[in-house]
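In this chain, residues are counted from 1 in sequence order.
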Amino acid sequence: MKYEKNDQVAGFTVQEVSYINEISAQAYIMQHDQTKAKLLFLATEDDNKVFSVTFRTPPADSTGVAHILEHSTLCGSDKYPLREPFVELVKGSLNTFLNAMTFPDKTMYPVASRNAKDFQNLMDVYLDAVFHPNLRKDPYILMQEGWHYELDDADQPLIYKGVVYNEMKGALSSPDDVLGQKAMEVLFPDTTYGYESGGDPDHIPELTFEAFTDFYQQYYHPSNAYFFLYGDMPLEETLTYISEKYLNEYHYREIDSEIATQSAPTARQKATFYYGVTEDEERQGKTLHAIDIVLPDTLSPAQMMAMEVWNYALLTIPGAPLRQEIISKGLATDVSGSIIDSLKQPVWHIEAIGSEQEHQASLVQLFDAFMQKIAAQGFSSELLSAALNRLEFSLRENDFNGRPKGLFYNLRALDFWLYDRDPLQGLRYEEAIRELREEITAGTFHTIIGDLICRNPHQAVITMAPQVGLQEEKEQAVREKLAAFKETLSPEKERRIIEQTATLKRRQQTADNEEQLATIPLLERDELPQKVDSDALLQEDVEGFPVYRMAGDSNGILYATLYFPLLHLTTQEYLYAVLLSDVLGELDTRGYTYAELAQQINFHTGGITVGLKSGSRYDDDRDVYSYFVVRGKALTSNTSQLVTLTNELINHTLFTDTKRLTELINEKKTDWNLQLFRRGNALMMNRALSYVSPLERLRDQSGLSYFAFLQKLAQHSTEEIITALQQTSRRIFRMVGSFALICGGEEESTAWQQESSRLLADLEQEKSADAPLALDLHIGNEGFISVGKVQYVAQGGNFRREGHTYHGTLTVLEHILRYEYLWQNVRILGGAYGAHAQIMSNGNSVFCSYRDPNLAETLQVYADMPAAIGRFEATDRAMRQYVIGALAPTQTQFTLPMRGERAVNRMLSKMPDTFRQQIRDEIIHCTQSDIRAQAPLLQSIIAQQHISVMGGATKLNEQREIFRDIINFGK
C-alpha cells in the first residue's frame with residue numbers, strides 16, 4: 001500500500017512522503033501519536049528487511065554507562081526472561097545482521113533477516129529488550145557486563161572484572177585510539193563528546209547501579225526513540241504490532257536528550273599525552289600527532305560531501321599533496337585523514353604517525369601554510385574531479401559487500417535525524433554532486449577551505465609520545481589501589497564481595513530452564529533453506545587466455561578480476577610479492593607519475609586494487625593455491641580506460657624511484673607497528689595454524705612473517721629491493737596459469753573481449769622451468785608482546801592429519817562452541833570480550849579469545865573442550881536452534897561480483913556442489929549424538945598443542961613457560 005501525508009496508520013501519523021531516487025525507495029517519515037516516537041520507513045523490493053530502534057544517549061561521564069547499557073539490555077527481559085536472549089538469537093536465527101552499537105551520542109539496536117517470520121521474531125525480542133529489560137532490577141547484570149570486584153577468597157588479591165571493562169582495556173590499547181579519545185576531550189570540554197561513551201577503564205569502576213538504572217530510565221523511552229524500517233514488508237501490520245505490543249503502554253514525556261553545541265575557543269588548543277612502551281622497545285619514530293578541526297553543525301549535504309572530497313584529494317589518493325608534503329619533509333612516515341560525521345559537530349581528523357615529539361610545531365606550520373595557499377590560490381580541478389568521481393561511483397554502485405543496505409541507510413539518515421534535521425538529506429546525493437561539480441568547474445570549490453579551516457579557531461593539535469614503563473606503572477597503580485581498598489574493608493564487607501563473586505559465578509553457570517528457553521521463537525527444520533545455491537561460471541576464452549564470467553545484471557558496470565599464480569616463486573620472492581601488492585599503484589609507470597595514474601583511475605573507473613589470495617583444496621590443506629589478484633571496475637562505457645590503466649599498473653610500473661620506494665616501505669612498516677594489536681585476532685589464529693598447515697604457513701607470509709620481513713628490509717640496499725621487485729613482477733604478471741573473471745552481462749563480456757588483447761599481449765609470454773614454492777612449517781609456540789592490556793589466545797591444529805573427516809555436524813559444532821561453550825567459559829566466566837571457533841573442511845581448526853584478561857585459564861578452557869562435548873546434551877528444540885544458527889551465514893545477500901568470486905573460490909578449491917549439498921543435509925539433520933561423537937576429533941586438535949598468543953608483556957612473561965619463544969616486535 002501507498003500512504004499520503006497526514007494518513008493515520010496503526011497509531012502513527014504520516015508526516016512526509018518522498019521518493020528517494022538514489023536508493024529506489026519510497027520514504028515515509030512518521031510519528032507515533034501517543035508518544036511522539038519518530039519512525040522512518042523505506043519501502044523497497046529488497047527482501048533483506050531491517051528494523052532498528054535508536055535512542056539519543058549523551059553520557060555525562062566516562063564510566064561507559066551507555067555502552068554497558070547496550071550490552072545489558074540484551075541480558076533478559078519481561079517476555080524473554082533468559083540470561084542472554086541476544087545469544088539465543090545468534091544461536092538460532094537466520095539473521096543477516098544482529099547486533100547493538102554504542103556511538104558517542106546514540107545507542108542503536110538493529111536486526112535484519114530475509115525470512116519474514118524470523119524477522120518478526122528478531123524484532124519482538126529486541127523491542128522487549130529495550131523497553132522491558134531485566135537490568136532495571138538485577139544488579140548482577142551490571143556486574144557481569146560492566147564491572148565488579150572479584151574476590152574468590154580472603155587470601156586472594158582483589159581484581160576488577162567485567163566484559164565492557166576488558167573490552168575497553170583492549171579498545172584503548174592502541175596509541176592512535178587513545179589519541180582520538182584525547183582529541184575529543186580537548187575539542188569538546190563542555191559537551192557529551194568530551195567523554196568516552198564506550199567507557200574509560202580508569203572510570204568504569206565509578207559506575208553505580210543507581211546511576212546505571214537512572215540513565216536507562218532517563219533515555220530509554222519511546223519519546224526519545226528513532227524507529228527505522230526498511231525493505232519489502234507489510235507496513236500497517238508491522239506498525240500495529242509495534243504500537244499495540246509496546247508503544248501504547250507509554251505516554252509522551254519531555255526528555256532532555258538534546259546534544260549541546262560546543263562553543264569554539266578563541267584559538268587552537270594544543271596538548272601532549274603519553275602511552276607506554278617497554279624498556280627494550282624502540283622509541284624513535286613512535287610519536288603520533290593529530291590535527292582535528294571541528295566543523296559547523298549546520299553543514300549542508302553538499303558541504304559534508306565537499307569535505308569528504310577534500311580529505312580524499314589531500315590525504316588519501318596516491319600522491320595526495322598534503323600527505324606527500326608532510327612525508328617528504330620528514331615529519332612523519334604516514335599520514336591519513338577522515339571525516340567523523342556521526343556527530344552533531346563533525347570533525348576532520350588528520351593523523352600523522354611515525355613522527356617525533358619535537359615535530360609538532362613544524363607539522364602545524366606546514367599544515368597552516370598549505371591550507372592558506374589553497375584558500376588563496378585554489379587547487380587542481382583535475383584532482384578534485386577525480387576525487388568527486390570516486391565518491392559518486394561508490395554512491396551509485398551502492399555495494400556493501402553483502403551486508404544489509406538498510407542498515408547503512410539507517411546510519412546515514414541518523415547523521416541528520418538525530419540532530420533534528422531532515423533524515424532524507426542523508427540519503428540523497430545527486431543534487432549535492434551536481435552542485436560540487438559546478439563549483440569545481442567554476443573554480444570556487446576551494447572557498448570552503450578558507451571558511452571552514454583557515455578561519456576556524458575550533459581546532460586542536462594532539463601529540464601522543466612513547467614513555468617507558470607507563471603501562472606497567474598504570475597496572476601497578478591499579479593493583480595498589482585495589483589492595484589499599486581491600487585493606488579498608490571490614491570483615492563483613494569483604495565477606496559480601498566474596499559472596500557476590502560466588503553468586504555471580506553460580507548465576508553465570510546456571511543454564512536457563514526449558515520454560516525460559518521456549519519463550520524465544522524458532523523456525524522449524526522444514527522451514528530452513530534445504531538446497532544449496534549453485535553459481536555457474538561461463539568460460540569465454542580470449543586468444544587462448546581463460547576468461548570466466550559470472551553472468552547477470554551489473555547495472556552497467558564491468559567488474560574485471562585478473563588472477564596470476566604465485567606458487568612458482570621462491571620464498572623470498574613470495575615476500576616481495578606481498579610488498580609488491582603494497583606498493584603497486586603508489587609508484588610511477590611508463591606513462592604516468594603515480595599521482596597522475598591515481599587521478600586517471602579515479603576519473604575513469606571505480607577503482608583498481610591488488611592483493612594476494614590463497615586457499616587449498618576443500619579437503620586437503622596441503623594442496624594449496626595462491627594468486628596475485630588485480631580487481632578493477634568501471635562503467636561499461638569506460639572499459640577501454642579500465643584496461644589501459646590496469647595494463648599500465650601491472651606491466652609498466654617503474655621501481656627505480658629510490659626515495660619514493662623508501663618512503664613507502666617506511667610507511668608500511670609504521671602502519672604495521674600501529675595496527676599490530678588490532679589485527680591480533682586474525683594474526684594469532686593464522687600463526688597457530690601455521691605450525692601445522694602448509695596453507696596457513698603460506699598465509700603467514702602475508703602476516704607476521706611479512707611484518708618481520710619489512711623490519712629487515714632496512715638491512716637491504718635500495719638497489720637490491722628494486723631488482724627483487726622488478727624480477728618478482730616479471731615472474732608474476734605472465735600468461736601461463738593466469739585467468740580472468742568478468743562479472744556482468746553480454747555487453748560487459750563483449751567490451752572486455754574487445755579491449756583486453758593489448759593487456760594480454762604485454763604479459764610475459766614465455767614459459768619457464770619453475771620449482772614449486774617450498775615453505776617449511778614454522779614449529780613453535782610463540783608469545784608476541786604488544787601494546788595491549790589484554791590478550792588474544794589462539795590454539796589450533798588439523799584433524800585430517802589424525803584420520804578424521806569433515807561433515808556437516810562440524811558446522812553445527814563450530815556454532816555450539818562459539819556461542820555456547822566458549823561464550824560461557826571465555827566471555828561470561830572469563831571476562832573476555834569474545835571468543836571464536838573455526839573448523840574448516842580442509843581439517844584446519846582454531847580457537848581464539850578476543851580482548852581476554854586471561855591466558856593460561858583460557859588454554860585450560862580449550863583443553864577441557866573435548867570432554868565437555870563428550871558430555872553434550874541438548875533438547876530437540878536446542879538442537880533445532882543450533883542448526884538454524886549454523887545456516888544463518890548462508891542467508892547473506894551476495895552481489896554479482898561477490899557471487900563471481902565465490903564461484904572462483906569453489907572452482908579453485910575443487911569443491912563440488914554434491915559435497916556442499918551433503919553438508920547442508922547433514923547440518924539440517926544433525927542430532928546431539930552426532931555432536932557428542934566429535935569429542936575425539938576435538939581432542940586430536942587440542943593434543944597437537946599449537947598455541948600462539950598476543951598480549952601484554954606482564955602477562956606473557958608471567959606465564960612464559962607456555963612458550964617456546966616470546967617476541968617483541970617493538971624492539
Side-chain angles (χ1 to χ4, degrees), residues 282 284-286 315-336 352-356 564 566 569-601 608-612 628-630 645-675 701-703 705-733 762 764 969:
E282 176 64 56
Q284 185 176 356
K286 291 291 186 72
L315 294 166
T316 308
I317 191 172
L322 175 56
R323 177 172 177 268
Q324 206 55 43
E325 184 80 2
I326 293 170
I327 293 172
S328 66
K329 291 289 193 296
L331 300 178
T333 56
D334 196 15
V335 185
S336 61
I353 62 176
S355 185
E356 305 297 340
F564 299 97
L566 297 174
L569 302 180
T570 66
T571 304
Q572 187 74 354
E573 286 173 337
Y574 195 95
L575 289 166
Y576 271 103
V578 186
L579 178 61
L580 182 65
S581 72
D582 265 350
V583 302
L584 211 58
E586 302 267 7
L587 295 166
D588 295 346
T589 68
R590 181 181 61 184
Y592 302 97
T593 66
Y594 65 90
E596 292 169 343
L597 179 66
Q599 284 188 40
Q600 290 297 310
I601 288 173
I608 302 172
T609 60
V610 300
L612 273 64
F628 195 102
V629 181
V630 183
L645 294 168
T646 302
N647 189 30
E648 191 73 21
L649 185 74
I650 65 175
N651 288 321
H652 303 296
T653 289
L654 306 175
F655 300 98
T656 51
D657 186 341
T658 57
K659 181 175 181 293
R660 176 62 178 162
L661 199 55
T662 300
E663 283 178 359
L664 289 172
I665 291 171
N666 287 335
E667 171 195 319
K668 303 307 175 186
K669 190 163 60 173
T670 303
D671 288 347
W672 263 95
N673 271 310
L674 193 63
Q675 298 292 331
Q701 299 300 101
S702 301
S705 290
Y706 176 60
F707 181 38
F709 168 73
L710 280 177
Q711 292 182 307
K712 293 175 183 175
L713 274 181
Q715 302 168 12
H716 296 233
S717 70
T718 310
E719 289 72 23
E720 285 181 284
I721 297 172
I722 289 171
T723 301
L725 281 171
Q726 290 172 332
Q727 177 181 322
T728 303
S729 178
R730 285 195 300 269
R731 283 174 51 74
I732 291 174
F733 299 124
D762 283 356
E764 182 67 40
F969 274 128

Heavy-atom pair of closest approach, residues A577 and F628
O-CE1, 3.6 Å
Stepwise side-chain contact (heavy atoms from CB on, under 4.5 Å) check, E667 with D582:
CA-CA 10 Å; E667 171 195 319; D582 265 350; over 6 Å; no
Just say parallel, tilted or perpendicular for the rings of W672 and F707, cut-offs at 30° and 60°.
parallel
Would you say that F733 contacts L580 through its side chain, given a criterion of any heavy-atom pair below 4.5 Å between the two side chains?
yes
Using side-chain heavy atoms (C-beta onward) and a distance below 4.5 Å, is E648 in contact with Y592?
yes
Distance-only polar pair, side chains of E573 and T728, donor-acceptor under 3.5 Å:
no
With rounding to the nearest 0.5 angstrom, report the OG to CZ distance, S729 to F564.
9.5 Å
Show the nearest heavy-atom pair for residues I317 and A598, with the distance to one decimal.
CG1-CB, 3.5 Å
So does E282 get a backbone contact from the side chain of K286, meaning a donor-acceptor N/O pair under 3.5 Å?
yes
Electrostatic pair R323:E663 at N-O distance under 4.0 angstrom:
no
Between P318 and L597, is there a side-chain heavy-atom distance shorter than 4.5 Å?
no
Hey, what do you get for CZ (F655) to CD1 (I722), rounding to the nearest 0.5 Å?
10.0 Å
Nearest 0.5 Å, please: how far is CG in N651 from OG1 in T646?
10.0 Å
Can you tell whether the side chains of E586 and R660 come within less than 4.0 Å, N to carboxylate O?
yes
Considering non-hydrogen atoms only, spot the tightest contact between S581 and G611 and give its length.
CB-CA, 4.2 Å
State, with a plain yes or no, whether a side-chain heavy atom of L645 is found less than 4.5 Å away from one of I608.
yes
Give the intermediate values and the outcome of side-chain contact (heavy atoms from CB on, under 4.5 Å) for residues L654 and L587.
CA-CA 7 Å; L654 306 175; L587 295 166; over 6 Å; no
Is any side-chain heavy atom of E596 closer than 4.5 Å to one of D588?
no
State whether a side-chain donor-acceptor pair under 3.5 Å links Y594 with D657.
no
What heavy-atom pair brings G319 and A595 nearest, and what distance separates the two atoms?
CA-CB, 4.1 Å
Close side-chain approach of I665 and I721, heavy atoms under 4.5 Å
yes
Would you please test T670 and T333 for side-chain hydrogen bond (donor to acceptor under 3.5 Å, both in side chains) and show each step?
CA-CA 7 Å; T670 303; T333 56; 2.6 Å; yes
Measure the CD1-CD distance between I601 and Q599 for me, rounded to the nearest 0.5 Å.
11.0 Å
In Å and rounded to the nearest 0.5 Å, what is the CD1 to CG distance from I327 to L664?
8.0 Å
Shortest non-hydrogen separation from Q701 to Y706 and the atoms involved:
O-CB, 3.1 Å
Straight-line distance of F709 CZ to Y574 OH, nearest 0.5 Å:
13.0 Å
For a salt bridge (Lys or Arg N to Asp or Glu O under 4.0 Å) check, start with the C-alpha distance between E325 and K329, then their side-chain angles and the critical distance, and finish with the verdict.
CA-CA 6 Å; E325 184 80 2; K329 291 289 193 296; 2.9 Å; yes
For residues L315 and V335, determine if any side-chain heavy atom of one lies less than 4.5 Å from a side-chain heavy atom of the other.
yes
Decide side-chain contact (heavy atoms from CB on, under 4.5 Å) for L612 and V578; before the verdict, give the C-alpha distance in whole Å, the side-chain angles of both, and the deciding distance to 0.1 Å.
CA-CA 7 Å; L612 273 64; V578 186; 3.7 Å; yes
Would you say the side chain of T723 lies within less than 4.5 Å of the side chain of E720, judging by non-hydrogen atoms?
no
side-chain contact (heavy atoms from CB on, under 4.5 Å) between L649 and T589: does it pass, once the steps are laid out?
CA-CA 7 Å; L649 185 74; T589 68; 5.6 Å; no
